[in-house]
Amino acid sequence: MNDADPIDTARVEFDRALQRNVKGLGYFASPAPVLGASAKDTLIARGTLRLHHYRPLTDEVYRVPVLLVMATTNRGYIFDMVPQQSFVEFLLRSGYDVFMVDWEAPRADEKGLALEDYVLDFLPACVAKVKETTGEPDITVLGYCFGGVLSLLWAALHPDAGLKNLATFTTPVDFTAMPLFQAWADRRFFDVDRMVDTLGNCPAEMLYTAFDMLRPGARIAGNIRLFDNLWNDEFVKSHRMFDRWASDMLPLAGEYFRQTVKQLLWDNALMNGTMTVGGRAIDLGAIVAPFLHVTAEHDHIVPAAASAPLIGMVGSADKEHITLKGGHVSLVAGANAVRRLWPQIDAWLGEKSL
């Protein structure tokens, strides 16, 4: 039985209801939280590509620099939320020299950008700049979601690039295990050539809707939870951060989108070993650097079945696959990530970064 005093319970609920009404007005009147505010210098700004270098927060820094590679559908500030909830800040305070590959919306004249531009131009240019900036021959690459796919493709085609360590988070390889994406990209009904030839770039609104369809009731449920917790400043701050990031979808360069649909969603080429980039065959077995693959137990965007096979495809002798509680986003950002993923990354990476 519940021993709580009903008068006290009623008093608490009345107080929360009052705060919801008062703070609800403040919610709509106040600006969105400032995200991605860690001090940094932009080393490359070329079209859709950005390479940032974050300023150190410790006197002693590990020798091997860390390059974060963001997915091309979203902006990189998911790695750099507010202070105390920033993966970038955590890495900096742990003594790492941190760089990030981030993206801007591709312009109309960048509709011809293809996979080979990302894998054979953008990432090599960023790696070269990191080495030039640090004077170090080695580099650690951490790729998130499709940023992990790009990192894998780059690593497989650049065995002499000085890759010291590689980690991927929520990165798909078996695209047949992503059933809703398979459904909306079904080649019988989805004419990707006509879409790209007509529109140029793939609109952000189309991608946003596709992701939203994975959990069509989630946004409504989220707004209900927000209303119930308007009295809780920490809940409101967290909601605003993640809602802003999830809504801040980027369009994709047309040719790049066409290739990913045909090679990955239609042919499942990465899983089947038939993937090519710029006419060059991809063999993930060529990756031999220490490798960490992290999946989220409750990932609705990249289910475990889509990402789990990766560990067996990479050729590294030193490799590890861990599954943590959390979803596609909460794995890498927020209170869940602070407790679970971030300390594991530091433990795995520290001894490998000397």
Side-chain angles (χ1 to χ4, degrees), residues 64 66-73 101 114-127 138-178 181-182 256-257 259-296 299 301-324 328 331-332 344-345 348-349 352:
V64 181
V66 173
L67 178 64
L68 304 174
V69 182
M70 186 56 201
T72 44
T73 49
V101 177
L115 263 174
E116 47 264 39
D117 292 296
Y118 290 82
V119 176
L120 303 179
D121 179 8
F122 292 164
L123 286 187
C126 290
V127 170
D138 300 324
I139 188 170
T140 289
V141 174
L142 308 182
Y144 174 54
C145 189
F146 208 88
V149 174
L150 294 177
S151 301
L152 290 165
L153 299 177
W154 166 80
L157 292 177
H158 298 84
D160 301 321
L163 180 62
K164 178 73 168 155
N165 309 290
L166 174 63
T168 56
F169 312 142
T170 66
T171 293
V173 286
D174 185 357
F175 286 79
T176 64
M178 302 172 71
F181 286 106
Q182 287 289 323
Y256 170 77
F257 178 72
Q259 289 175 312
T260 55
V261 167
K262 290 186 175 182
Q263 287 212 65
L264 297 175
L265 285 170
W266 288 1
D267 297 339
N268 205 23
L270 192 55
M271 185 69 184
N272 293 334
T274 58
M275 183 86 184
T276 61
V277 175
R280 299 169 62 181
I282 299 295
D283 176 17
L284 297 185
I287 300 173
V288 295
F291 177 63
L292 176 66
H293 181 41
V294 187
T295 54
D299 193 335
I301 294 177
V302 182
S307 57
L310 175 56
I311 195 69
M313 300 168 69
V314 170
S316 308
D318 178 358
K319 57 184 176 180
E320 182 180 358
H321 177 198
I322 59 175
T323 299
L324 300 175
H328 189 78
L331 177 76
V332 298
Q344 294 224 34
I345 293 298
W348 180 80
L349 196 53
K352 295 177 170 62

What are the two closest non-hydrogen atoms of [X] and [Y], and how far apart are they?
X	Y	answer
Leu115	Gln259	N-OE1, 2.6 Å
Thr170	Pro172	O-CD, 3.7 Å
Pro309	Ala304	CD-O, 4.4 Å
Ala71	Phe146	CB-N, 3.9 Å
Gln182	Leu265	NE2-O, 2.9 Å

If you round to the nearest 0.5 Å, how far is [atom2] of [Y] from [atom1] of [X]?
X	Y	atom1	atom2	value
Tyr144	Thr171	OH	OG1	9.5 Å
Ile311	Ile322	CD1	CD1	10.0 Å
Asp299	Leu331	CG	CG	8.0 Å
Lys262	Phe257	NZ	CZ	11.5 Å
Ser307	Met178	OG	CE	9.0 Å

Which residues pass the side chain to side chain donor-acceptor pair (under 3.5 Å) test with [X], sequence neighbours left out?
X	result
Gln263	none
Thr140	Asn165
Thr295	His321, Thr323

**Asked** Where do Phe169 and Ile345 land on the side-chain contact (heavy atoms from CB on, under 4.5 Å) test, with the steps shown first?
**Response** CA-CA 11 Å; Phe169 312 142; Ile345 293 298; 3.5 Å; yes
**Message:** For Cys126, run the side-chain contact (heavy atoms from CB on, under 4.5 Å) check against Val101, Asp121, Val69 and tell me which one passes.
**Reply:** Val101
**Request:** Please identify each residue that fulfils salt bridge (charged side-chain N to carboxylate O under 4.0 Å, His left out) with Asp283, with sequence neighbours left out.
**Result:** none
**Asked** Quick one: salt bridge (charged side-chain N to carboxylate O under 4.0 Å, His left out) partners of Asp138, sequence neighbours excluded?
**Response** Arg63
**Request:** Show the numbers, then the answer: is there a side-chain contact (heavy atoms from CB on, under 4.5 Å) between Asp318 and Ser316?
**Result:** CA-CA 5 Å; Asp318 178 358; Ser316 308; 5.5 Å; no
**Message:** Set out, in order, the CA-CA distance, both residues' side-chain angles and the distance that settles side-chain contact (heavy atoms from CB on, under 4.5 Å) for Tyr256 and Asp117, then state yes or no.
**Reply:** CA-CA 9 Å; Tyr256 170 77; Asp117 292 296; over 6 Å; no
**Asked** Under 4.5 Å between any side-chain heavy atoms of Lys352 and Val64, yes or no?
**Response** no
**Item:** Any Leu150 side-chain heavy atom under 4.5 Å of Thr72 side chain
**Value:** yes
**Request:** Please step through side-chain contact (heavy atoms from CB on, under 4.5 Å) for the pair Glu320 and Phe291, ending with a clear verdict.
**Result:** CA-CA 6 Å; Glu320 182 180 358; Phe291 177 63; over 6 Å; no
**Asked** Who pairs with Phe122 by ring pair (Phe, Tyr, Trp, His ring centres under 6.0 Å), at least two apart in sequence or on another chain?
**Response** Tyr118
What pairs of donor and acceptor atoms, side-chain ones from residues 151-164 against any protein atom, are under 3.5 angstrom apart with sequence neighbours left out?
{"unit_1": "Ser151", "atom_1": "OG", "unit_2": "Gly147", "atom_2": "O", "d": "2.7"}
{"unit_1": "His158", "atom_1": "ND1", "unit_2": "Trp154", "atom_2": "O", "d": "2.8"}

Scan the side chains in residues 269-279 for donor-acceptor partners under 3.5 Å anywhere in the protein, sequence neighbours excluded, and list what turns up.
{"unit_1": "Asn272", "atom_1": "ND2", "unit_2": "Asp267", "atom_2": "O", "d": "2.9"}
{"unit_1": "Asn272", "atom_1": "ND2", "unit_2": "Asn268", "atom_2": "O", "d": "3.2"}

